[in-house]
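First the structure, in the form of structure tokens, and then the observations on it.
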Amino acid sequence: MTSVFGSGLGTGVQRWQRSHNLGELNADHAGKEVILMGWVHRRRDHGQLIFMDVRDRFGFTQVVVDPGIVPQLLDAASAIRNEFVIALKGIVQKRPDGMINKAIATGAIEIAVKELRILNACDVLPFPVSEDAETSEALRLKYRYLDLRRPRLKDNILKRIKFVKSMRRALEGQGFLDIETPFLYKSTPEGAREFLVPSRIHPSHFYALPQSPQLFKQVLMVSGFDRYYQVVKCFRDEDLRADRQPEFTQVDCEMSFVDEEAVLATFEAITRQAVSEFFDGREIPAFPRMSYDDAMEHYGVDKPDTRFELKLQDVSDLVAASGFKVFAEAISTGGIVNALVVKGQAEAFSRKDIDELTDFVRQYGAKGLAWAKKGAGSGLAGWQSPVAKFFSDETVDAIDKKLNLQAGDLVLFGAGGYDVTKASLGALRNQLGARLKLYEPSQLNFLWIQGFPLLERDAGANRWIAKHHPFTSPRPQDIGLLDSDPAAIKASAYDLVLNGNEVAGGSIRIHDPEVQKKVFATLGLSDEDAQAKFGFLLEALKFGAPPHGGIAFGLDRLTMILTGCDAIRDVIVFPKTQKGTCLMTGAPGEVSSDQLRDLHIRVQRLE
RNA sequence: GGGGGCGUAGUUAAGUUGGUUAUAACGCCGGCCUGUCACGCCGGAGGCCGCGGGUUCAAGUCCCGUCGCUCCCGCCA
């Protein structure tokens, strides 16, 4: 830039040191000489008088270039454009009466500029930085550093930092120790797909990036650290969603000498304290608890949004004998018929609307959606429904009674296997809740879910797989069922749900090596496999492992909800696209043949 | 692996039934302006309509493919 004003802080010009940030000056500072630095947020050029809003992360300060003070500054100020980085020396002055800007913290004052330096220029911007204008995701990610200057994203990141601080304070207050664990770990391909890191020193051997520090934290309990936590990256090479990134952050926690009740009590207190502090003292009520079975039965999901009712209701017994084949067959083949009663919305949903809902549930494998609109009158006369003709007056009356139907209600029926019917109606319930605005978005409904099954059937192979992970303890009273009835075993596992999102999950771990071996065996892991993959754990358990359990919070997801965002990208500084790429750096990229040779790797594309 | 949405100037969008020179706002450039704070006024430049192919006298518009971003299903111990 022009030599008259210097090009920076370095040689050849008098050394300047910033005296204040751009959010802290007020009328009390009037008359003071200050040195300020920041980005030019907006310029208002009146020809012989130029105003600039200068911005840093602390706020905005208006500076005024008035030729009545230093005439030759006008040319330099005229050359300044949006997002130039400037430094200035000037006098704080109260703004004239009636010119106070109440919208900004520094609105009572302005800086009369005496000296001005342009520290750096800025090209024409790819999108407006001074406001949160709608911008395509691709551009935002490519120029992430500019997006991060904008108020919304900047505030999200600052809020995330604030929440992490609150969590740390709450955890430290309970005696949890912040301990780091390795990122270069051993591949244990039991759960999510892993990111692999080839070893240079050991040809054809690989590290894996941990999908969670699970086993390290358990071993730390064996070591006697008693209470551990870590704000830690985890890596999972699975497909992305709005609330899933390939690398994400957990607040990972573990504690010794506890049972399920103690863990829930501890982390409920910690969460309530941290969230309350995050909202500057907001009252956070105690967390209700619900069994997994009840959640599935009434909400169709294991993470119910309890901000609104609209529960799933079972009508299987009422329609089992009806002439409607779809219902009768669902039940005779072991399935169910469930209903959702949408109160007073019969008129609001057209045929087309219901068709759209039908398409929606088809995504979840449902075959369709039957419906009825309740009008005046009883029996068939009171029902407008394409399936009414298959029912008797008595059946309709029985359904009316069970569902407590009133004129103007819309009923949606799902029929089929238990899993598909629950899942599709559960998703439909959430969809309707959002569409009909059945809840207050800022409400925070925390909820513990307990009593998960320990095992579930693998859809493909004919075997048991762990629902949580293979180190989860059965409930003490269920350990005996490992031999007799694995399906009936409930786990000492729990999820913390917030507004229909899983925000934390954990369990009491197995600390008895014999039980651990038995669970591995039930999962179809041979002794040799168990030894090869988790031998270090089995061995550690033999050397005086205390009873222990823990939990891991999904920090990104939790922050997303607390800040009212729709995607975790908006609370992560440098997120990946849905295909796992970084549009700013270009990762993942190709590597040189030299690098590959060092790693003893030859790349061959498989069909 | 599968299904849906979007892609037009630097940005955000409009673009009718396929039909003349592809519009607007903001931004950008030039000029004017001493109390603005989304400053104002006047003027101007700016387009591979994502890319490739096809249909047609004629394609931003219709069809096929492809790339990018995105939402969802599967997947995520």
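Numbers restart at 1 for each chain; the letters A, B, ... are given by sequence-line order, proteins then strands.
- Atom C1' of B:C32 sits at a distance of 23 Å from the matching atom of B:A25, rounded to the whole Å.
- Using a 4.0 Å cut-off between a side-chain N of Lys or Arg and a carboxylate O of Asp or Glu, A:Arg57 and A:Asp155 do not qualify as a salt bridge.
- Ion pair A:Glu137/A:Arg569 flagged as a salt bridge, since at least one NZ, NE, NH1 or NH2 atom sits closer than 4.0 Å to an Asp/Glu carboxylate oxygen.
- Taking the charged nitrogens against the carboxylate oxygens, A:Asp495 and A:Lys303 have no contact shorter than 4.0 Å, which rules out a salt bridge.
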Note to self: One pair to check against side chain to side chain contact (heavy atoms under 4.5 Å, CB included): A:Asp147 and A:Arg152. What are the steps and the verdict?
What the structure shows: CA-CA 9 Å; A:Asp147 202 15; A:Arg152 193 173 65 100; over 6 Å; no

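- Using a 4.0 Å heavy-atom distance criterion, A:Glu110 is classed as a base contact.
- When the P atom is used for both B:U66 and B:G74, the distance is 25 Å, rounded to whole Å.
- Ring-centre distance between A:Phe183 and A:Tyr207: not below the 6.0 Å cut-off.
- Between A:Ile50 atom CD1 and B:G35 atom C1' the separation is 13 Å, expressed in whole Å.
- Remark: B:A38 base-pairs with no nucleotide; criterion is Watson-Crick or G-U wobble with both hydrogen-bond distances under 3.5 Å.
- For the pair A:Phe51 CZ and B:A38 P, the computed distance is 13 Å after rounding to whole Å.
- For B:U11, the OP1/OP2 oxygens have no side-chain nitrogen or oxygen of A:Thr135 closer than 4.0 Å.
- Comparing A:Asp566 and A:Pro470 against RNA chain B, the residue whose closest nucleotide sits nearer the 5' end is A:Asp566.
- Residue A:Arg569 places no side-chain N or O under 4.0 Å from the OP1 or OP2 atom of B:C69.
- An aromatic stacking contact links A:His46 with the base of B:C39, defined here by ring centres under 5.5 Å apart and ring planes under 30° from parallel.
- Within 3.5 Å, a donor on the side chain of A:Arg244 pairs with an acceptor on the base of B:C76, or the reverse.
- For the pair A:Asp419 CG and B:C73 C1', the interatomic distance rounds to 15 Å; values are reported in whole Å.
- B:G5 atom C1' lies 12 Å from atom CD of A:Gln363, rounded to whole Å.
- Residue A:Leu125 is in sugar-phosphate contact alone, with no base atom involved, counting any heavy-atom pair closer than 4.0 Å across all strands shown.
- One P atom belongs to B:C64, the other to B:C42, and the distance between them is 48 Å to the nearest Å.
- If you measure from atom CD of A:Glu137 to atom C1' of B:G5, you get 14 Å, rounded to the nearest angstrom.
- Under the Watson-Crick and G-U wobble criteria, each requiring two contacts below 3.5 Å, nucleotide B:C6 is paired to B:G68.
- The separation of B:G44 from B:U12, taken at their P atoms, amounts to 26 Å, rounded to a whole angstrom.
- Within the nucleic acid shown, A:Tyr364 comes within 4.0 Å of sugar-phosphate atoms alone, with no base atom in reach, counting heavy atoms only.
- Rounded to an integer number of Å, the gap from A:Met99 CE to B:C37 P is 10 Å.
- Spacing between atom CD of A:Glu238 and atom P of B:C72 amounts to 16 Å, rounded to whole angstrom units.
- Here, B:C39 and B:G27 have their P atoms 8 Å apart, quoted to the whole Å.
- Across residues 38-45 of chain A, A:Arg42, A:Arg44, A:Asp45 each have a non-hydrogen atom less than 4.0 Å from an atom of RNA chain B (numbered order).
- Within the nucleic acid shown, A:Glu131 has no heavy atom closer than 4.0 Å to any nucleic acid atom.
- Between A:Ser212 and B:C76, a side-chain N or O to OP1/OP2 separation shorter than 4.0 Å is absent.
- Within the 4.0 angstrom heavy-atom criterion, no nucleotide atom of any strand lies near A:Arg140.
- With centres under 5.5 Å and a plane angle under 30° as the test, the ring of A:Phe127 is not stacked against the base of B:U11.
- On the P atoms, B:G50 is 26 Å away from B:C72, given to the nearest whole Å.
- Within 4.0 Å (heavy atoms only), A:Thr581 reaches sugar-phosphate atoms of the nucleic acid but no base atom.
- Under 4.0 angstrom from either OP1 or OP2 of B:G35 there lies no side-chain N or O belonging to A:Asn101.
- Less than 6.0 angstrom separates the ring centroid of A:Phe216 from the ring centroid of A:Tyr185.
- The distance between atom CG of A:Leu139 and atom P of B:G27, rounded to the nearest whole Å, is 18 Å.
- Residues A:Asp355 and A:Thr358 have side chains that never bring a donor and an acceptor to within less than 3.5 angstrom of each other.
- Base pairing of B:C57 is made with B:G19, judged by Watson-Crick or G-U wobble geometry with both donor-acceptor distances under 3.5 Å.
- Below 30°, between 30° and 60°, or above 60°: for A:Phe534 and A:Phe520 the angle between ring planes is below 30°, a parallel geometry.
- Judged by atom type and distance alone, A:Asp359 does not reach the base of B:G4 through any side-chain donor-acceptor pair under 3.5 Å.
- Nearest nucleotide to the A:Arg95 side chain, out of B:C37, B:C75, B:U70: B:C37.
- Atom P of B:C62 sits at a distance of 16 Å from the matching atom of B:C49, rounded to the whole Å.
- Not a single donor-acceptor pair, N or O on each side, falls under 3.5 Å between the base of B:C73 and the side chain of A:Arg362.
- Here the separation of B:U21 from B:C28, taken at their C1' atoms, is 23 Å to the nearest Å.
- Among the atoms of the strands shown, only primed sugar atoms or phosphate atoms (P, OP1, OP2) are found under 4.0 Å from some heavy atom of A:Pro126.
- Between A:Gln578 and B:C71 there is a side-chain N or O to OP1 or OP2 distance below 4.0 Å.
- Between A:Arg241 and A:Asp243 there is no salt bridge, since none of the side-chain N atoms of the basic residue sits less than 4.0 Å from a carboxylate O of the acidic one.
- Look at A:Arg81 and you won't find any side-chain N or O under 4.0 angstrom from OP1 or OP2 of B:G27.
- If you check distances only, the side chain of A:Glu134 never reaches the base of B:U11 with a donor-acceptor pair under 3.5 Å.
- Ion pairing of A:Arg236 with A:Glu247 is absent here, as no side-chain N (NZ or NE/NH1/NH2) approaches a carboxylate O to less than 4.0 Å.
- Among the heavy atoms of the strands lying under 4.0 Å from A:Ala242 are primed sugar atoms or P, OP1, OP2 only; no base atom is included.
- Contacts of A:Ile104 with the nucleic acid, taken as non-hydrogen atoms under 4.0 Å apart, are absent.
- In this structure, of B:C69, B:U11, B:U36, it is B:C69 that holds the atom nearest to the side chain of A:Leu141.
- Salt bridge annotation for A:Asp512-A:Lys517: absent, with no cationic side-chain nitrogen under 4.0 angstrom from a carboxylate oxygen.
- In terms of position along RNA chain B, the nucleotide closest to A:Val124 lies nearer the 5' end than the nucleotide closest to the other residue of the pair A:Val124 and A:Pro96.
- By the 4.0 Å N-to-carboxylate-O rule, A:Asp458 lies close enough to A:Arg463 to be salt-bridged with it.
- Pair check for B:G74 finds none; no Watson-Crick or G-U wobble contact set falls under 3.5 Å.
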